[in-house]
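Nothing fancy with the numbering, it's 1 onward along the sequence. Just follow the structure's listing: the first ligand is 1, and inside any ligand the first atom is 1. Being a predicted model, the structure only gives us computed values, none of them experimental.
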Amino acid sequence: MTVRGWVTHLRSSGKVAFVVLRDGTGVLQTVLVKNAVAPDVWERFSHLTQESCISVTGEVRADARAPGGYEMGLNDLTVIGASPLDYPIQPKEHGIDFLLDNRHFWLRTPRQVAIMRIRSEIEQAIQDFFYERGFLRVDTPILTAAIGERSGLFSTEYFEEGNAYLAQTGQLYGEAAAAAFGKIYTFGPTFRAEKSKTRRHLTEFWMIEPEVAFNDSEDNMKLQEDFVSFLVQRVLERRPAELKEVERDVTKLENIKVPFPRINYTDAVATLQAKGSAVQWGDDLGAEDEALLVADYDRPIFIVNYPKEAKAFYMKENPDDPRTVLCNDCLAPEGYGEIIGGSQREDDLEKILHRLREEKLPEAAYDWYLALRKYGTFPHSGFGLGLERTVAWIVGSQHIRECIAFPRMMHRLRP
Ligand code: 4AD
Ligand code: MG
């Protein structure tokens, strides 16, 4: 067989040598016996360095001691691309900033490979989940005139049209699509010019946003708990080796079963105050409050019906308590915090106009969105799941910056 890949380990006794290489699908240990190969092959081996790209030819045999259970007895070795000795990533502890500066190389290391494989598994599972349930995938624009969420906007000049903004959400377009197709989801990058340097904020992150005609807030939460438990189950089933590589305690993931507890915002505030938090009724919940709330549970929880002033203008007023809206956040256990924000949408034209004005949002930019309330308005609900936060929780990562191939943060635009 011939295998091509990059050298990860080299070892030699002078007569017998081992070259371990990685090709992205796994690692292969190859053995080279000085007396059994041509002198030029042995010579090429002696110049090999970590991360050289090579091609090896030989016979593969089962060997329980070898990583992956197989070993190759090597007959030939050629160098495709040599690598000088000063390869930045060495087998020692590196600081996180150094690793991020060298993300293009850091991605090659076993933990990062495992995280990216789990991310890809989750992305595939997301597609499968919605496809099997008859949802249509709708790709919404990244360049927009309308705005969606409250956090900062990235803007760019757009010909004669003034400013274009990078989408913070696909939701508003998703709502239009739900009236056309019934059940839809979006899957794309979203952008927030947030000056936050926390371990759960990126300026560019991927969001999955289903929107369903005729779903109320409770239906919306049922969809969320089915969705989240499906994703966890899928990773447990198909990525056990990668979960082991990242040293995830899988017993914690095995608990992720429906139903997820629903806790009213007002009760959550009382619980938090009893636990010593300074939170006041009306505030959105911060990361520390979220961690305090999930500490009592072994699975994700929903915090439902936040005060109007804490949430976006498009959420539907709660008929049982008009100070609040029909919405939920889904908080992941083990302190990972909010992974989903969702709500039933305000479908009453007068009420949503009133909220737009209260928030001092530019009405003209929302004309088409408001028209959805004029022509055949309909009850509907949806949510947004943050992909990197979900990956971070499932792999047990301390920071979402290692859960996307090339993270974008306030102070990071390279590589
Ligand atoms: O709660 P958010 O802001 O909700 C929306 O954007 C709605 N339009 C969703 C909808 O109803 N269709 O964001 C949703 C999720 C959050 O729960 C979080 O997981 C993630 O997106 N998120 C971020 N992830 C990484 N970095 C950031 N700066 C994020 N901001 C939000
Ligand atoms: Mg939110």
Check if [X] has a non-hydrogen atom at a distance under 4.0 Å from any atom of ligand 1.
X    : result
Q344 : no
Y314 : yes
E211 : no

Cationic tip of R133 above F129 ring, under 6.0 Å, 45° of axis: yes
If only atom types and distance count, is the side chain of [X] paired as donor or acceptor with the main-chain N or O of [Y] below 3.5 Å?
X    : Y    : result
T203 : A193 : no
S381 : N215 : yes
K308 : E317 : no
R234 : I122 : no
T190 : T169 : no

Contacts of type ring pair (Phe, Tyr, Trp, His ring centres under 6.0 Å), residue Y87, not counting sequence neighbours: F105
For F18, all residues meeting ring pair (Phe, Tyr, Trp, His ring centres under 6.0 Å), sequence neighbours excluded: none
Ligand 1 contact on [X] by region, counting heavy-atom pairs under 4.0 Å:
X    : answer
I340 : backbone
R408 : neither
F205 : side chain
H201 : both

Those atoms of ligand 1 less than 4.0 Å from some heavy atom in [X]:
X    : value
G386 : 15 (C), 19 (O), 20 (C), 21 (O)
R200 : 25 (C), 26 (N)
E209 : 7 (C), 8 (N), 9 (C), 10 (C), 12 (N)
G341 : 1 (O), 9 (C), 10 (C), 11 (O), 17 (O)

What do you reckon, does [X] have a nitrogen or oxygen under 3.5 Å from a nitrogen or oxygen of ligand 1?
X    : value
I339 : yes
E194 : yes
L202 : yes
T169 : yes
E338 : yes

Within-2.8 Å protein N/O/S contacts of the Mg ion (ligand 2): E338 OE2
Heavy-atom nearest neighbour of atom 6 (O) of ligand 1 within options Q168, R192, R389: R192
M409, R345, M207: member with heavy atom nearest to atom 13 (O) of ligand 1: M207
ring-ring contact (aromatic ring centres under 6.0 Å, His included) partners of residues 184-223, not counting sequence neighbours, each pair once: F130-Y185
Is it the case that the side chains of [Y] and [X] hold a donor-acceptor pair, with the cut-off being a distance below 3.5 Å and no angle test?
X    : Y    : result
Q29  : D63  : no
E211 : Q171 : no
R345 : S343 : yes

V235 and its side-chain contact (heavy atoms from CB on, under 4.5 Å) partner, picked from V250, I394, V395: I394
Under-4.0 Å salt bridge between R22 and E51: yes
Carboxylate-amine/guanidinium proximity below 4.0 Å for R248 and E242: no
